[in-house]
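Data first, discussion second: the structure below is written as structure tokens.
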Amino acid sequence: MKGSLILKNAIYLFVSNVFVRLISALSTIVVAKYLGAHNYGILSVALSFAAIAGYFSDSGLTHTLIREATRSNSNLSELMSSFLKIRIFFALITAFISVIIIEILYKDPYLQNVLYWMVMPTILGAALQGVGAVYFQVIEEMKYTALIRGVSGLITAISLILGILMKWSLLSLATVYGFSSMIGGLFGIWMVIRRINLTKGWNFSLLKGLGSFTFGGLMVMMLPQLGPLILEKVTDLNQVGYFSAAYRIPSVLYQIPGVLAAAFYPMLFKYGNNKQGGEHLKLSRLQIKLMSALGIIVALPFLIYSKWFIEILFGENWLVASNILSVLSIMVILQSINYPLADSLTTLGMQNRRSVVLTLAVIMGIGLYILMGKLWGGMGGAIAAIATELFLTLGFTFGNPVAKKVIGGVKFNVLTLLIICGLSYFINNRLNPLIGIFALPIFYILLIVIFDRSLIKELIVWIKPKDNHNKEVDVRKKDLV
């Protein structure tokens, strides 16, 4: 098993994502405090719209590219050339459709301008960034994927901070965000064209089965964006701002366990393509164990000490968001379980089932956000988000014939989490938050080592390199490049 390679790639992605997300989170906090809840609510709506629009420049092509590139005797140069051309075409179509949607759904001229100046350049930026990120993911040199994402995130964060220092308007900040995405995309393209030719060849195998990936990927992209887009229609913009500020923290936290999903994905696809069910199951169980443990570790401090974090980061005026943050922290844990379950479905060739579950979750999520948002504003949005994630857990479990064996890997993690939560209930008021945010995760890790001793042995076996491993990697890279 190529555990050492997966671990190395996960470390690259971890370092870059932690760096990028940390900078992004800090810039978001500064932006939120600078704009206030109302204007930050407007910005959040634009960010959510831009995220969904940016996805349509990909529409699942990343998944089909990885699928085709991991096959034997694949022509990566031809695949990447096709990938770029199709993404540019999708980006143009997406921009045209976005104009129509903005004109129909948003009548406020100021909100329309914010949307246009953020969304249009973001669509092209997302298309270009995706080319660089997926190329280095396919050849399993994710240090360059990390570099592309890091540079892009840093450019965006620095631009926003400079805009705040120069006291720019919300419209100017939205424009800066959009064009920073384009600069990051151009950097990614430059990295790729140094390696391969992106102008020659067509390979229509990328379009095979694209529909299920497009639909499923759209559902994945829509879920985290539903909150601001729907709450803007059913409650006031202040509540949208509180919800979005609180939601931003869990969305950053998930990137820590999430890097494992990206690192495991190509190898899971390889085992799935080669019908190696036993190896696929072992890797899926290890993935869910590691991801759920990491998810709990990073979520615990924010779950227990949400009020302290909100006051420190945003100030007393934002304390309304503290309970919202506490509820949304649970989402990090659920996502760390749901993504391995979903990836197991996809890499076993059951993408259609994943799409069905995601579609039902989006439909249910829309209804819940409307109902809960009307009743309880931002807190209602948080409850809707957790209910939707729980539905996904059930759907991915019952939709996969091996899911029960996969999800069995989290039993010790969940048991330990319950013990920690019970313990925190009694010591919360007696333990200084500065001590608790470190002590509780450390205690959790100790309990995991005690309850699940086999995990350490599995990691050692998985990471330990084999004599024929390096030869396999060298041959693979030679064939791909």
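Counted within 6.0 Å of CH2 on W376, heavy atoms from surrounding residues, nucleotides or ligands total 12 or fewer; the atom is thus considered open. Counting non-hydrogen atoms of other residues, nucleotides and ligands closer than 6.0 Å to CZ of F396 gives a total above 12. Counted within 6.0 Å of OH on Y34, heavy atoms from surrounding residues, nucleotides or ligands total more than 12; the atom is thus considered enclosed. Atom NZ of K411 has 12 or fewer heavy atoms from other residues, nucleotides or ligands within 6.0 Å.
Between the side chain of E232 and the backbone N or O of V240 there is no donor-acceptor pair closer than 3.5 Å. Between the side chain of Q239 and the backbone N or O of G378, at least one donor-acceptor pair lies under 3.5 Å. Judged purely by atom type and a 3.5 angstrom limit, S292 uses its side chain to pair as donor or acceptor with the backbone of K289. Checking side-chain atoms of S244 against main-chain N and O of G241 turns up no donor-acceptor pair under 3.5 Å. The backbone N or O of L281 sits nowhere less than 3.5 Å from a side-chain atom of S284 that would complete a donor-acceptor pair. Side chain of T393 to main chain of E389: a donor-acceptor pair is present (N/O by atom type, distance under 3.5 Å, no hydrogens or angles). For T235 (side chain) and L231 (main-chain N/O), no donor-acceptor pair under 3.5 Å exists by modelled atom type. Not a single donor-acceptor pair under 3.5 Å links the side chain of S344 to the backbone N or O of P340.
Annotation: side chain of M350 is in contact with side chain of P401 (closest heavy-atom distance under 4.5 Å). Between C421 and L303 there is a side-chain heavy-atom pair separated by less than 4.5 Å.
Interatomic distance, CD of Q287 versus OG of S336, reported as 10.5 Å (0.5 Å rounding). Between atom CG of residue L440 and atom CD1 of residue I420 there is a gap of 6.0 Å, rounded to the nearest 0.5 Å. How far OH of Y305 is from CD1 of I435: 8.5 Å, rounded to the nearest 0.5 Å. Summarising the geometry, atom CG belonging to L173 is positioned 7.5 Å from atom CG belonging to L43; distances are rounded to the nearest 0.5 Å. Distance check: L394 CG to N338 CG gives 9.0 Å after rounding to the nearest 0.5 Å. How far CG of L268 is from NE2 of H280: 4.5 Å, rounded to the nearest 0.5 Å.
The aromatic rings of F243 and Y369 sit perpendicular, their planes meeting at an angle over 60°, well past the 30° parallel limit.
The minimum heavy-atom distance between G54 and A126, with the atom names listed, is O-CB, 3.8 Å. Shown here for I288 and I337, the closest heavy-atom pair between the two residues is CD1-O, 3.8 Å. Of all non-hydrogen atoms in A361 and T388, the two that sit nearest each other are O-CG2, 3.6 Å. Nearest heavy atom pair, residue G295 against residue I333, reads O-CG1, 4.0 Å. Minimum interatomic distance between V362 and L226 (heavy atoms only, all atoms of both residues): O-CD1, 4.1 Å. Across all their heavy atoms, V176 and L160 have their closest contact at CG1-N, 4.1 Å.
By the side chain to side chain donor-acceptor pair (under 3.5 Å) test, T156 pairs with no residue at all, sequence neighbours left out. Under the salt bridge (Lys or Arg N to Asp or Glu O under 4.0 Å) criterion, E68 pairs with R71, not counting sequence neighbours. For T122, there are no side chain to side chain donor-acceptor pair (under 3.5 Å) partners two or more places apart in sequence or in a different chain. Applying the side chain to side chain donor-acceptor pair (under 3.5 Å) rule to S159 yields the partners S180; only residues at least two apart in sequence or on another chain are considered.
Residue pairs meeting the salt bridge (Lys or Arg N to Asp or Glu O under 4.0 Å) criterion with at least one partner in residues 30-59, sequence neighbours excluded, are D58-R87. Every pair passing salt bridge (Lys or Arg N to Asp or Glu O under 4.0 Å) that includes a residue from residues 326-344 is listed here, sequence neighbours excluded: D343-R354.
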side-chain contact (heavy atoms from CB on, under 4.5 Å) between L417 and L300, intermediate numbers included: CA-CA 9 Å; L417 173 62; L300 262 178; 4.0 Å; yes

- request: Give the intermediate values and the outcome of side-chain contact (heavy atoms from CB on, under 4.5 Å) for residues N400 and R353.
  value: CA-CA 8 Å; N400 187 344; R353 297 187 185 185; 5.9 Å; no

task: Tell me, with the steps shown, if I330 and L334 meet side-chain contact (heavy atoms from CB on, under 4.5 Å).
output: CA-CA 6 Å; I330 301 172; L334 292 173; 4.2 Å; yes

field: CA sep, side-chain torsions, deciding dist, call: F302, V332, side-chain contact (heavy atoms from CB on, under 4.5 Å)
entry: CA-CA 10 Å; F302 296 89; V332 179; over 6 Å; no

